[in-house]
Amino acid sequence: MMTRAVIAGLGTYAPSKVLTNQDLERIVDTNDEWILTRTGIRERHIAAPDETTTDMAVRAAQLACAEAGITADQLDFIIVATNTPDTLFPSTAARLQARLTSSPVPGFDLQAGCTGLIYALAMGSTLIQNGTCRRILVVGADKLSSITDYQDRTTAVLFGDGAGALVLEAETNTEFGILASYLKADGRGGDLLSLPAGGSRLPASEDTVRDRQHFLKMNGNETFRFAVKAMPEAVEEGLRAAGLTLDAMDLLVPHQANLRIIDAAVRRFNLDPDRVVVNIERYGNTSVATIPLALEDARQDGRLKSGNIVVLVAFGAGLTWGSNVLRWGR
Ligand code: COA
């Protein structure tokens, strides 16, 4: 009997504070027109100083569990995709577990750049398909504002904060759920997008603080070139792994890093723009939270319907890239 991971619940959270392009004009040497035409972003949500990645994850997770009709003690596992854990240890997953339930639900953090949610859904799906777990909470949460250099206009305009959570549940003999995943990494491109200091390679010191090494560094042009190749590849290979072709795809939910990267994929595949979810203008790049936030928007505007073949696709630091192909609903 074939068991699959169906999505039983989806929840998202974005902090209340909104940072507009006009606000950024007062912080760095930039302007609304540049940001909008080069990235597609108008505004992004920024967490309060004392609001952590875990705080955001809790809000998204509670909504996802409520929709799934479960309490957190019914979870078998928690996977948190994040690049900005509250602390290197204990894990965000352990912190989240303690906030959600007194039941000792195991879990771990998964770090794969902005592809983290795709990796996490693939791992969650595997744990369900092989019978290890029946219910898994998969969370993507990042507080990128905590590692963004607001003196560097080339990165300050791009990022925002947010969280998304999905409850995966085992279902047997179903046409719904995660059908296939495609995951890749190429560490040779690691320096294109990295957080140089704070790990064992370059522990915190007065020098690392002075040199602003605790902020994200990115080679934007090279990352762009990588992304416009990686995204179409992951869409095609994910569909191939599911035994499907592009025609079968009802909805593409891409990582929201730059509107021009998404547009390149739309042109490459000659897609009806209505089949591609774009909400970057309101959130910016929230890393592992972009895809849940986009799924939620597509559900609210009526484009995400039960039975749809949906392709989730992302790329990010590592370098990493990948996709999940699923049939929405249960
Ligand atoms: N406001 C105004 N001008 C800016 C600016 C800003 N915020 N940031 C850069 N510029 C300037 C540059 O200094 C440069 O000026 P110059 O021509 O006088 O040297 C000019 O704009 C063009 O810069 P460039 O870096 O070539 O722009 P771009 O079109 O490549 O856009 C990014 C830059 C970062 C938006 C784009 O490269 C990108 O999105 N890359 C991918 C990033 C990504 O996906 N990251 C996440 C991966 S998960």
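The model shown is predicted, which means the values in this text are computed figures rather than measured ones. Counting convention: from 1, in listed order, for ligands and their atoms alike.
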Ionic contact status for Lys305 with Asp250, cut-off 4.0 Å: no
From Tyr13 atom OH to Asp161 atom CG, the distance as rounded to the nearest 0.5 Å: 9.5 Å
Arg299 atom CZ, neighbour heavy-atom count above 12 within 6.0 Å: yes
Shell of residues surrounding ligand 1, defined by a 4.0 angstrom heavy-atom cut-off that is strict: Asp29, Thr30, Trp34, Arg38, Thr39, Cys114, Arg153, Thr154, Val157, Leu193, Met218, Gly220, Asn221, Thr223, Phe224, His255, Ala257, Asn258, Arg260, Ile261, Asn285, Phe315, Gly316
Presence of salt bridge, Arg135 and Glu169, under 4.0 angstrom: yes
Arg210 atom CZ: more than 12 heavy-atom contacts under 6.0 Å: yes
Glu51 vs Lys17 side-chain heavy atoms within contact, under 4.5 Å: no
